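Reminder, nothing fancy here: chain letters follow the sequence lines and each chain counts from 1. Since this is a predicted model, take the numbers as computed values, not measurements.
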There are 2 protein chains.
Amino acid sequence: MKWDALEEEPCSLARTVAVIGDRWSLLILRQCFLRVRRFDEFQSSLGVTRHLLADRLKKLVRFGVLRKSPYQEAPKRYEYILTQRGLDLYPIIMSIVHWGNVHMVDSRGRPLLHEHKSCHKMFDPVMICSECGEPLTAKAVRVHQGPGARQSSPMHAKDPEKH
Amino acid sequence: MKWDALEEEPCSLARTVAVIGDRWSLLILRQCFLRVRRFDEFQSSLGVTRHLLADRLKKLVRFGVLRKSPYQEAPKRYEYILTQRGLDLYPIIMSIVHWGNVHMVDSRGRPLLHEHKSCHKMFDPVMICSECGEPLTAKAVRVHQGPGARQSSPMHAKDPEKH
DNA sequence: TCCTAAAGTTCTATTTTAGAACTGTCAATA
DNA sequence: TATTGACAGTTCTAAAATAGAACTTTAGGA
């Protein structure tokens with residue numbers, strides 16, 4: 001399957017994966033949330049090749065996750081800033097970081113700690129149900145076809161509820 | 001950078017990306033949460049080549065995200081089941097799906113709806129602070145070095161809080 | 001005997017990525 | 001004036017990963 005085909009799939013996960021579903025895009029976005037903004041900053045902090053960095057930044061701009069903002073004339077230079085669409089990726093980044101914190105840390109402990117400015121405490125992210133506020137687990141969720149579903153899509157199981 | 005190098009990075013995001021940070025792993029995991037368990041089921045529902053599917057399943061088993069469970073002797077056949085480690089990936093999958101629901105749906109609406117069995121309502125996932133319970137936004141979070149941080153790592157900005 | 005199912009493995013061609021060098025613009029310095 | 005350095009890329013070749021198809025193995029059933 002081509003990357004472009006993913007965008008067309010009747011699946012919100014596949015469409016998001018088309019935007020951020022590769023190694024470098026996720027690492028670039030992490031840097032964005034750490035206030036990294038400039039080409040050479042990304043390049044030296046990540047060690048990504050300049051070629052791929054240029055390519056991925058272009059893609060993230062095309063999808064409206066980042067925007068180029070001029071910070072200097074003569075010669076014209078741009079910074080890459082998260083748009084609202086990009087800021088909305090924060091739960092994805094945080095849940096990835098959290099899983100790593102729980103399952104992939106070595107004996108030295110977590111590389112980074114996160115402080116919530118509102119309550120001034122170090123926190124972990126918790127995912128809850130928007131309707132009842134209870135923490136979510138996979139087993140407590142039933143999946144239904146929505147209006148945008150495609151019947152007998154190759155990307156969907158025939159019956160999501162079967163055992 | 002090699003994939004193996006990612007596991008070693010002092011960054012929980014990089015380490016998690018080493019496990020699930022490619023297109024097919026994420027799509028395979030989505031199918032797992034939709035109760036898909038068998039090789040040919042994955043293959044036909046995703047359209048992934050058999051070669052890559054075998055490779056990715058092996059990787060996910062190696063990282064303890066899936067386990068092989070025999071469901072038939074003679075010939076020996078296995079199903080791929082999410083471990084607890086794998087079930088813990090649910091917030092990642094759900095936040096990816098949610099972002100797609102908000103930012104990538106077409107005019108027909110969402111492909112899938114999610115019902116919370118506890119409260120019987122269709123819901124969206126919400127990420128909150130474990131300490132105060134308030135919804136999280138990127139701007140309300142300050143990052144600190146943790147015990148596992150590596151000073152002057154190429155994978156970290158020199159000063160996460162600089163502007 | 002032949003056909004089918006399941007779970008892979010093997011093969012070649014194509015695409016993507018890594019790694020390094022190169023380009024162009026401008027400011028500051030010698 | 002010539003040189004150096006910062007920044008934001010682009011171009012090149014070699015290496016690695018992926019796509020797409022065919023093949024293998026084990027066993028049950030027609």
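- A donor and an acceptor atom, one from each side chain of A:His116 and B:Glu131, are nowhere located under 3.5 Å apart.
- A:Lys59 has no side-chain polar atom (N or O) that falls below the 4.0 Å cut-off from OP1 or OP2 of C:dT16.
- Atom-to-atom, CG of B:Asp22 to C1' of D:dT18 comes out at 11 Å; the value is rounded to the nearest Å.
- The base of D:dA8 lies close enough to the side chain of A:Arg50 for a donor and an acceptor atom to sit less than 3.5 Å apart.
- Side-chain atoms of A:His51 lie closest to D:dT11 of the nucleotides C:dA6, D:dT11, C:dG8.
- Rounded to an integer number of Å, the gap from CZ of B:Arg37 to P of C:dA6 is 16 Å.
- Take the nearest nucleotide of DNA chain D for A:Pro75 and for A:Lys68: the residue whose nucleotide is more 5' is A:Pro75.
- In this structure, the nucleotide among C:dT17, C:dG8, D:dA8 sitting nearest to the side chain of A:Asp40 is D:dA8.
- Atom P of nucleotide C:dT9 and atom CG of B:Leu53 are separated by 11 Å, given to the nearest angstrom.
- Scanning atom types as modelled, no donor and acceptor separated by under 3.5 angstrom connect the side chain of B:Arg77 and the base of C:dA7.
- Atom-to-atom, CD of A:Gln72 to P of D:dC7 comes out at 9 Å; the value is rounded to the nearest Å.
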**Derivation of the side-chain contact (heavy atoms from CB on, under 4.5 Å) call for B:Val61 and B:Tyr80** = CA-CA 8 Å; B:Val61 168; B:Tyr80 292 89; 4.0 Å; yes

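- Of the candidate nucleotides D:dG9, D:dT26, D:dA19, D:dG9 has the atom lying nearest to any side-chain atom of A:Phe39.
- Across the protein-nucleic acid pair, B:Arg23 atom CZ and D:dA17 atom P stand 15 Å apart, rounded to whole Å.
- The shortest side-chain heavy-atom distance between A:Met104 and B:Val19 falls under the 4.5 Å cut-off.
- Atom pair B:Leu52:CG and C:dT9:C1' shows a separation of 13 Å (rounding to whole Å applied).
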**Message:** As a quick check of understanding, evaluate side-chain contact (heavy atoms from CB on, under 4.5 Å) for A:Cys132 and B:Lys121, giving each step before the final call.
**Reply:** CA-CA 8 Å; A:Cys132 70; B:Lys121 290 182 184 156; over 6 Å; no

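- The phosphate of C:dG8 has OP1 or OP2 within less than 4.0 Å of a side-chain N or O from B:Tyr80.
- The 5' end of DNA chain D is approached more closely, in terms of each residue's nearest nucleotide, by A:Ala54 than by the other of A:Ala54 and B:Thr49.
- Ranked by how close their nearest DNA chain C nucleotide is to the 5' end, B:Leu57 and A:Arg56 are led by B:Leu57.
- The side chain of B:Lys76 places no N or O atom within less than 4.0 Å of a non-bridging phosphate oxygen (OP1 or OP2) of C:dG8.
- OP1 and OP2 of D:dA6 both lie 4.0 Å or more from every side-chain N or O belonging to A:Tyr71.
- To the nearest angstrom, P of C:dT16 lies 13 Å from CG of A:Leu6.
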**Intermediate values then yes/no, ring-ring contact (aromatic ring centres under 6.0 Å, His included), A:Tyr71 and A:Tyr78** = CA-CA 6 Å; A:Tyr71 71 90; A:Tyr78 296 92; 8.3 Å; no

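- Rounded to a whole Å, the CG atom of A:Leu27 is 13 Å from the P atom of C:dT17.
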